[in-house]
S.K.: 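Handing you this structure, nothing more for now.
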Amino acid sequence: MPELPEVEITACLIGSATAGATVESALTPGINALKTFDPPLSALEGATVLGMRRRGKLFLLDFDRNLTAVIHLMSAGRLQLFDKRATLRDRTSRLLLRLDGERELRLREFGTRQRAWVKLLRTPEVEAEETIAALGPEAWPDPPAFGELLRAPRPLYALMRDQHVIAGIGRSWVDEILHAARISPFKRGTDLQEDEAARLREATVARLGEVIAHYGQTIALPIPDKLPMPLTVHRRHGEPCPRCGDRLEAVFYEDYVMCYCPTCQTEGKLLKDRRLSRLLK
Ligand SMILES: [Zn+2]
């Protein structure tokens, strides 16, 4: 699932490559991913792309004429810029923006669920859009102090992925950040000591910043279907911890997995495997 660093690099690369381009046509083939009807998609015909911004895990594609497309990839969407035009039979396509010079910006979605969406709004209305208005502060580059931000009696693993609390982090990068901060994923926000909150904020900014810099060095257009994410903890259970060398462990949920190092994060304690404990009930 694309999270803040993946959306950031995509927005940077596609934004700079398409700024100044003219939209020749806009289409939503197949299942209609467009969740708004006024202004209509045809309002983009002849519009000029001004650039692309990121908010949380969302893309904001700005056009002249005071128009902005808000794009949410959800779990399996990709935003890609192609030199050649797609045939309409590309069943993964949800939005096609045909640009001058034969280029095409395509929102594609892989897998069986079709949940990625697009909203075409008037630019001044973007901040009031319900998903955007409900977002917490950005996790990068300069989030507020975590002591205040995360003060809720919920596990950090849930709090840090809650887009209303802090925007941009998902299941992959939360494992990496909590490991970098040496804090248990099940510690509650209200139990965070001041030094831990500061360490967690620092680890968040550093880890996300490192990854974005890494992508800046290694990713170029066209954005690949699957970005090679430089994960060192997430989905690495059974492998040695990159810091202490002990074995990384995991807690399995129905359709995802949380990874951590018992030595670095939980004082050696193994967290309960939710999948197993549910089966045993
Ligand atoms: Zn370790």
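Remember, it's 1-based here, ligands and their atoms both numbered in the order they're listed.
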S.K.: Would you kindly say whether T123 and T68 are connected by a side-chain donor-acceptor distance under 3.5 Å?
M.R.: yes
S.K.: Answer yes when R108 and D225 have at least one side-chain N-carboxylate O distance shorter than 4.0 Å, and no when they do not.
M.R.: yes
S.K.: Evaluate the side-chain proximity of M52 to L60: yes if any heavy-atom separation is below 4.5 Å, no if none is.
M.R.: no
S.K.: Relative to the ring of Y253, is the ring of Y157 parallel (under 30°), tilted (30 to 60°) or perpendicular (over 60°)?
M.R.: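 Rings of Y157 and Y253: parallel, under 30°.
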S.K.: What protein N, O or S atoms come within a distance below 2.8 Å of the Zn ion (ligand 1), ordered by chain and number?
M.R.: C241 SG, C244 SG, C261 SG, C264 SG
S.K.: Verify the neighbour count for atom CD of E202: are there more than 12 heavy atoms of other residues, nucleotides or ligands below 6.0 Å?
M.R.: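 Result for CD/E202: open.
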S.K.: Considering only distance and modelled atom types, tabulate donor-acceptor pairs under 3.5 Å from the side chains of residues 4-15, sequence neighbours left out.
M.R.:
unit_1 : atom_1 : unit_2 : atom_2 : d
E6     : OE1    : E3     : N      : 2.8
E6     : OE1    : W173   : NE1    : 3.4
E6     : OE2    : W173   : NE1    : 3.0
E6     : OE2    : Y215   : OH     : 2.6
E8     : OE1    : R54    : NE     : 2.6
T10    : OG1    : E6     : O      : 2.7

